[in-house]
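See structure below.
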Amino acid sequence: MTKKLILSFPAQATDRSLTYDLVKRWDIRINILKAEIEVGREGKLLVELEAPEEALAEGLAYLEGYGVQVSPVANKISRDEKLCVDCGNCASACVSGALTIGEPDWMLKFDPEKCIMCKLCLKTCPLKLFRIEFAGDGV
Amino acid sequence: MAKTYSEINEKIREGRAVVLTAEEVSELAKTLSPAEIAEKVDVVTTGTFGAMCSSGAIVNFGHAQPPIRMEKIELNGIRTSGGLAAVDTYIGATDCNPERPEYGGAHLIEDLVAGRKITLEAWGKGTDCYPRKYIKTTIDRDTVNEAILYNPRNAYQNYCVATNSTDKIKHTYMGTLLPRMANASYSTAGELSPLLNDPECRTIGLGTRIFLCGTEGYVSWNGTQFHSTKEENEYGIPTSNARTIAVIGDMKKMSTEFLRAAYYEKYGISLFVGIGVPIPILDEDMARRVSIRNEQIETTIVDYGDGNRQLGKTNYAALRTGEITLDGKKIRTAPVASIAKARKIAQILKEWIERGEFQLTEPVRPMPTGTSLKTLK
């Protein structure tokens with residue numbers, strides 16, 4: 001199974017190669033979508049982890065044992081479709097291809113699966129139609 | 001066989017006019033000659049919906065009792081012109097209060113069109129005939145005498161393609177330009193665009209009746225920065241931004257479906273304006289002009305990161321595929337003007353004409369020729 005997660009590393013965990021352990025010990029495939037890491041300070045990784053369910057559960061428990069906070073990416077970008085004018089500004093800025101516009105109808109399409117939460121669309125939309133929606137458990 | 005405006009309007013009144021959108025006629029031109037199109041088609045409708053910063057509104061508030069000669073005017077905290085007699089103001093689309101950069105003139109204009117209430121505060125020094133010095137009240141679309149959209153420069157003919165070669169993101173009115181030419185944006189409706197279907201303005205001039213923000217409007221003058229001597233390609237299309245039109249219309253009849261305020265991060269406020277211009281197919285030359293296709297419309301790629309340096313040329317068919325190649329580098333492309341709305345506008349204008357509700361007007365004064373632009377020293 002594949003899970004999109006935010007891994008928050010506390011300062012004392014940033015000098016251990018925990019992600020290497022995930023690969024070597026549980027054969028978890030890691031796709032790093034975004035990283036903000038400084039050695040000696042708290043770091044954040046936005047990752048996609050792919051492995052059989054059990055291996056994934058053990059790997060995540062291992063991380064939590066080192067004080068890494070594991071948060072599912074339950075929050076997502078949402079858009080007010082009723083007010084959208086299909087101008088294309090957001091699609092122009094979207095590097096992950098989650099927002100696209102083109103033939104045949106030139107109406108904006110949004111594929112949340114491809115979103116890497118860079119939040120450029122929130123700033124770019126000239127009508128300010130994008131919002132981050134948070135999941136109930138406050139991720 | 002040439003047609004006159006009278007003949008075309010007679011057909012419109014009788015419900016017999018043959019009207020096509022600019023996309024439909026460009027498709028037809030693949031199989032019919034210009035002469036055949038000139039015979040069969042009476043009017044071609046065009047459309048565009050993009051950010052047009054040089055826009056604004058003239059509003060007359062009416063007089064209070066006792067009356068005030070407004071010298072300083074604020075609408076929802078935004079300063080608008082106090083220099084137009086006692087109770088007239090001009091709201092510029094890009095006017096704003098620096099402390100609140102995200103809400104400005106364009107938003108006031110949209111609020112007026114939408115029927116929303118606006119706080120008006122005004123000050124005057126007091127004169128013998130206008131003794132009042134201060135007023136604070138609420139106005140809206142229905143309380144004011146007139147609310148007229150008065151746009152000095154709209155519907156740019158063939159705006160350039162914007163890209164950014166620097167290492168930093170550039171936030172512009174052409175959208176967010178990513179570093180190292182990762183993207184390029186274009187703001188045009190291509191073969192639907194009004195001034196690309198009559199590039200020399202043979203039929204577009206002072207008094208031309210148009211679709212403006214959901215109602216009828218008029219071309220009121222040439223737009224500012226009217227450049228009519230730009231280099232043209234073999235299809236008679238200027239290959240960089242050239243002509244413009246000034247437009248005017250009654251805001252009380254407009255719709256926010258075709259008029260929307262916009263805010264561009266770090267750049268400021270602008271106004272999305274929906275315009276549709278009907279082109280009468282007077283002769284074979286006009287038939288040839290409206291048959292223009294996206295691959296025949298070339299434009300210039302400009303580096304917004306490096307003093308607007310010209311980087312090369314491309315065409316709208318290539319741009320609309322979502323990717324162009326410049327000097328061997330692939331660049332992702334996207335519009336920042338709504339092609340979907342432009343289509344809708346051209347379609348609505350077509351329906352108005354087919355139903356006999358909209359007749360064409362012959363320009364009272366043609367657009368200037370032989371013009372170019374001065375720079376500011």
Side-chain angles (χ1 to χ4, degrees), chain A residues 31-38 44 46 48 75-133, chain B residues 49-51 102-103 106-107 110 161-163 169-179 182-187 189-190 192 256-272 274 294 317 319-323 331-344:
Chain A
N31 184 13
I32 300 179
L33 301 173
K34 192 167 146 193
E36 281 163 27
I37 297 178
E38 264 183 69
K44 268 184 159 64
L46 173 66
E48 243 172 19
N75 56 332
K76 58 191 175 86
I77 301 280
S78 74
R79 167 178 83 96
D80 189 335
E81 287 180 44
K82 286 196 316 296
L83 294 179
C84 177
V85 296
D86 304 291
C87 65
N89 269 280
C90 58
S92 182
C94 183
V95 287
S96 70
L99 292 159
T100 54
I101 195 165
E103 300 288 1
D105 60 10
W106 293 93
M107 302 201 61
L108 187 74
K109 305 219 173 12
F110 180 34
D111 181 0
E113 290 299 304
K114 294 197 173 148
C115 177
I116 59 167
M117 293 287 291
C118 73
K119 296 184 246 174
L120 209 46
C121 52
L122 270 79
K123 275 193 180 163
T124 295
C125 174
L127 305 182
K128 300 290 157 250
L129 300 180
F130 286 91
R131 263 186 18 249
I132 302 181
E133 269 180 12
Chain B
F49 186 85
E102 294 188 22
Y103 180 87
H107 297 85
E110 187 189 318
V161 173
T163 190
I169 286 187
K170 296 276 176 195
H171 294 281
T172 73
Y173 60 83
M174 288 294 282
T176 299
L177 299 176
L178 301 168
N183 70 345
S185 61
Y186 55 98
S187 182
L192 268 171
T256 55
E257 203 192 328
F258 300 106
L259 179 149
R260 297 288 289 283
Y263 172 65
Y264 292 92
E265 190 78 18
K266 281 183 79 178
Y267 168 74
I269 294 167
S270 185
L271 185 69
F272 275 107
N294 284 323
L319 287 163
R320 285 158 70 123
T321 61
E323 192 180 85
I331 307 178
R332 189 170 55 80
T333 60
V336 290
S338 177
I339 294 168
K341 284 265 191 211
R343 266 191 190 157
K344 202 165 177 188

Is it the backbone or the side chain of B:F272 that comes under 4.5 Å from a heavy atom of chain A, or both, or neither?
side chain
Interface moiety of B:A182 toward chain A, non-hydrogen atoms closer than 4.5 Å
neither
For the interface with chain B, which of A:C94, A:C125, A:G102 has the highest count of heavy-atom pairs at distances below 4.5 Å?
A:C94
Considering only heavy atoms, which portion of A:K128 lies under 4.5 Å from any heavy atom of chain B: side chain, backbone, both, or neither?
side chain
Would you mind reporting whether B:R260 and A:V85 have side-chain heavy atoms less than 4.5 Å apart?
yes
Cut-off 4.5 Å, heavy atoms of chain A, and the answer for B:A261 is backbone
If you compare all heavy atoms of A:L127 against all heavy atoms of B:A262, which two are closest, and at what distance to 0.1 Å?
CD2-CA, 4.3 Å
Quick one: pull up CZ in B:F49 and CG in A:D86 and give me the separation to the nearest 0.5 Å.
9.5 Å
For A:G88 and B:A334, work out which heavy atoms get closest and say how close.
O-CB, 4.2 Å
For B:R332 and A:S92, work out which heavy atoms get closest and say how close.
NH2-O, 2.9 Å
Examine whether an atom of B:Y186 lies under 4.5 Å from a heavy atom of chain A, and if so say whether it belongs to the side chain, the backbone or both; otherwise answer neither.
side chain
Which atoms of B:I269 approach chain A - backbone, side chain, both or neither, heavy atom under 4.5 Å:
neither
For the NZ atom on A:K109, are there more than 12 heavy atoms of other groups (residues, nucleotides or ligands in this structure) within a distance under 6.0 Å?
yes
Return the set of residues passing ring pair (Phe, Tyr, Trp, His ring centres under 6.0 Å) with A:F130 (not counting sequence neighbours), or none when no residue passes.
none
Taking B:I339, B:T321, B:L178 one by one, which has the highest count of heavy-atom pairs under 4.5 Å against chain A?
B:I339
In terms of heavy-atom pairs under 4.5 Å, which option from A:L120, A:T100, A:L108, A:I101 contacts chain B the most?
A:L120
Between chain A and each of B:T333, B:I169, B:T256, B:N183, count heavy-atom pairs under 4.5 Å; write down the option with the most.
B:N183
